[in-house]
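Scroll down for the structure; my scribbles are underneath it.
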Amino acid sequence: IERATVRRPEDAMLLGAARSDADLVRRSLAGDEAVVEFLVTTERLFTFIVRRDGVRSLESSVSADELLNRVRLARDLIARGVDAGPRESVLGALYDILVTPAERAGLLRGVHTLIVVPHAGLAYLPMAALFDAAHGRYLIESYAVLTMPSAAALSAARRRASASPQPPVVLAPLPVELPGTKAEA
């Protein structure tokens, strides 16, 4: 990562090793997109919402340990294929911690695409599976959800994509074991 930072700064951004420039990130967003970046500290959760018109922040008193325990439980329930009730209860509580405050503050009004930058244990949470109990739907049913290693990676990836005349490459790993991947690709 250190070599990439020196030799190819664009690659360092894609790896999440470079500092974000808020103005650059804001300019790389469409009007219906928002970056939601989380910062987990020992005793608090900070959420930064970046839109074309500015950057806002929210603060929650959830601890890192509490958040990690909830993420572990959610992953376990998903992996075990537990009935929807308990799974949606846990995923709904996480939705209320991670998404609801931004929605209540009006920071996601008009947003169709969420670009999530997780931090710490949130990197292990399938954000699209968060459950909005108030509306009875999963996050992915309300927003297109992308995950990036950093906000800087978004602007770097978009600059690279717009500069490249080559079509994107899409892979379908293990098409026999995972037949749906070929159709998705």
Side-chain angles (χ1 to χ4, degrees), residues 1-2 4-5 11-22 25 28-29 33-51 55-105 107-108 111 113-157 173 178 181:
I1 290 175
E2 286 180 20
T5 302
D11 291 347
M13 285 185 184
L14 290 172
L15 294 170
R19 289 185 46 161
S20 297
D21 177 332
V25 173
S28 71
L29 292 170
E33 294 180 319
V35 171
V36 180
E37 184 163 1
F38 297 101
L39 174 63
V40 179
T41 68
T42 306
E43 305 212 0
R44 305 202 76 65
L45 169 68
F46 295 93
T47 306
F48 301 92
I49 295 90
V50 183
R51 304 270 313 260
V55 179
R56 310 289 187 288
S57 65
L58 300 169
E59 187 176 335
S60 173
S61 61
V62 65
S63 72
D65 288 340
E66 180 185 349
L67 201 52
L68 184 57
N69 287 335
R70 288 175 186 261
V71 168
R72 285 180 179 147
L73 179 57
R75 287 181 52 87
D76 184 52
L77 293 172
I78 292 168
R80 289 191 298 139
V82 172
D83 291 336
R87 185 182 64 237
E88 288 175 353
S89 176
V90 171
L91 291 168
L94 282 163
Y95 187 100
D96 288 342
I97 293 168
L98 301 172
V99 180
T100 298
E103 288 180 333
R104 282 197 183 132
L107 301 177
L108 301 180
V111 170
T113 303
L114 291 181
I115 301 153
V116 178
V117 180
H119 180 244
L122 293 177
Y124 301 103
L125 179 65
M127 292 289 180
L130 294 178
F131 188 70
D132 179 0
H135 297 98
R137 61 181 175 235
Y138 292 93
L139 185 68
I140 194 67
E141 294 176 281
S142 299
Y143 304 97
V145 181
L146 306 172
T147 303
M148 300 296 288
S150 72
L154 173 68
S155 54
L178 300 170
T181 59

Test your reading of the model: is there a side-chain donor-acceptor pair from [X] to the backbone of [Y], 3.5 Å cut-off?
| X | Y | answer |
| --- | --- | --- |
| Asp76 | Arg72 | no |
| Arg51 | Leu107 | yes |
| Arg70 | Leu94 | no |

Can you name the residues that form a side chain to side chain donor-acceptor pair (under 3.5 Å) with Thr47, not counting sequence neighbours?
-> none
Atom of [X], atom of [Y] and distance for their closest heavy-atom approach:
| X | Y | value |
| --- | --- | --- |
| Ser155 | Ala152 | OG-O, 3.1 Å |
| Leu98 | Leu130 | CD1-CD1, 4.1 Å |
| Ala151 | Val35 | CB-CG1, 4.4 Å |
| Leu91 | Ala74 | CD2-CB, 3.8 Å |
| Leu77 | Pro86 | CD1-O, 3.8 Å |
| Met148 | Pro118 | O-CD, 3.6 Å |

Please round to the nearest 0.5 Å and tell me the distance separating atom [atom1] of [X] and atom [atom2] of [Y].
| X | Y | atom1 | atom2 | value |
| --- | --- | --- | --- | --- |
| Leu122 | His119 | CG | NE2 | 9.0 Å |
| Leu45 | Ile97 | CG | CD1 | 8.0 Å |
| Leu67 | Thr41 | CG | OG1 | 10.0 Å |
| Tyr95 | Leu139 | OH | CG | 5.5 Å |
| Leu114 | Thr147 | CG | OG1 | 10.0 Å |
| Asp132 | Glu88 | CG | CD | 11.0 Å |

Could you walk me through whether Ser61 and Arg44 pass side-chain contact (heavy atoms from CB on, under 4.5 Å), step by step?
-> CA-CA 5 Å; Ser61 61; Arg44 305 202 76 65; 3.6 Å; yes
Heavy-atom neighbours of Glu141 CD exceed 12 at 6.0 Å | yes
Is the OH atom of Tyr124 crowded by more than 12 outside heavy atoms at less than 6.0 Å?
-> no
Leu108, Thr113, Ile115 screened by side-chain contact (heavy atoms from CB on, under 4.5 Å) with Tyr143, the one that passes = Leu108
Hey, are the side chains of Val116 and Phe38 touching, using non-hydrogen atoms and a 4.5 Å cut-off?
-> yes
